[in-house]
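Below is one structure; the comments refer to it alone.
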Amino acid sequence: MRLERELACQEVVELVTAYLEDSLSPEDRERFEEHLVFCDGCQNYLAQMRDTIAATGRVPPGALPAGLEERLLEAFRGWRAS
Amino acid sequence: MIAYKFLRPGCIAPYTGFRWPVGEWVDAAGVDACREGIHACSVRHLPIWLGPELWEIELDGEIVEHSRKLVAPRGRLVRRIEGWNDGLIRDFGRACVKRTRERVGFLPVISGYVFDADRLAGLGRVPLAAFAAARAAEWCDGPAGYEEERRLQAVWLAERLGLGPFDWA
């Protein structure tokens with residue numbers, strides 16, 4: 001049995017990018033942050049993601065070779081559907 | 001309105017990393033739960049958002065109360081609640097374990113939560129022990145059991161820390 005509002009660690013990991021991009025709904029953001037209160041592992045994971053972003057910065061879309069962006073998006077769509 | 005806020009050591013907001021000044025008003029760009037605004041707790045919200053430092057915060061402006069938080073356009077840290085220290089955090093964990101033992105300790109399978117909560121509290125992972133206590137209560141009594149255990153945790157904190165008013169609806 002799991003509370004409707006309760007997130008599992010795997011779900012937190014899947015949502016971490018959306019969290020950092022501020023694209024979660026307020027409800028999901030609250031559930032995400034509530035999970036972090038008691039989950040050291042996910043706290044560390046989020047901190048590592050933040051550190052990685054800070055260290056690497058952003059890759060502007062123009063930096064990608066022609067066609068690569070679309071191929072990557074296609075691959076991600078396939079991954080989400082599988 | 002007086003409310004409460006858990007922070008990381010050094011007055012650091014746990015999610016935004018904002019370093020809170022003490023005694024100075026901080027204005028938010030807007031009030032939008034989980035996005036913008038000064039987020040704080042009433043007493044009944046405290047067990048959900050446990051953290052290393054507990055501060056009293058004065059909120060001003062149009063305060064929006066959500067089921068698990070308060071959001072206001074401005075706020076200022078008033079004082080640190082010194083009673084929320086390592087000793088009290090340990091005691092809080094033990095109280096969660098005790099209630100869990102009394103509630104489910106005699107039940108097959110679910111009694112495993114007593115071991116979990118006890119072990120976690122012993123490791124200093126008190127927020128997780130408190131969560132385990134609430135989950136055990138939910139297994140025993142359904143979602144209302146979860147809320148009741150969180151309410152009892154809030155009552156315990158309010159009594160030990162001298163917080164109020166206790167506004168459990």
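The chains referred to below are lettered A, B, ... by the order of the sequence lines, with proteins before strands, and numbering in each begins at 1. Computation of the quantities below employed the complete heavy-atom set of this structure, encompassing side-chain atoms and omitting hydrogens, waters and symmetry-equivalent molecules.
Here the straight-line distance linking atom CD1 of B:Ile48 with atom CD of A:Glu33 works out to 13.0 Å at 0.5 Å rounding. Atom CZ in B:Phe131 sits 8.5 Å away from atom NE2 in A:His35 (nearest 0.5 Å). Interatomic distance, B:Arg68 CZ to A:Glu34 CD, rounded to the nearest 0.5 Å: 4.0 Å.
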Going through the distances and angles, do A:Tyr19 and B:Tyr15 end up as a side-chain contact (heavy atoms from CB on, under 4.5 Å)? CA-CA 11 Å; A:Tyr19 177 78; B:Tyr15 305 113; 3.6 Å; yes
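Around atom CZ of A:Arg50, more than 12 heavy atoms belonging to other residues, nucleotides or ligands sit under 6.0 Å away. Within 6.0 Å of CD in A:Gln10 there are 12 or fewer heavy atoms belonging to other residues, nucleotides or ligands. Atom CG of A:Asn44 has more than 12 neighbouring heavy atoms from other residues, nucleotides or ligands inside a 6.0 Å radius. Annotation: B:Glu62, atom CD; neighbour count of heavy atoms from other residues, nucleotides and ligands within 6.0 Å does not exceed 12. No more than 12 heavy atoms of other residues, nucleotides or ligands shown are found within 6.0 angstrom of CZ on B:Phe115.
Within the 4.5 angstrom heavy-atom criterion, no atom of A:Leu46 approaches chain B.
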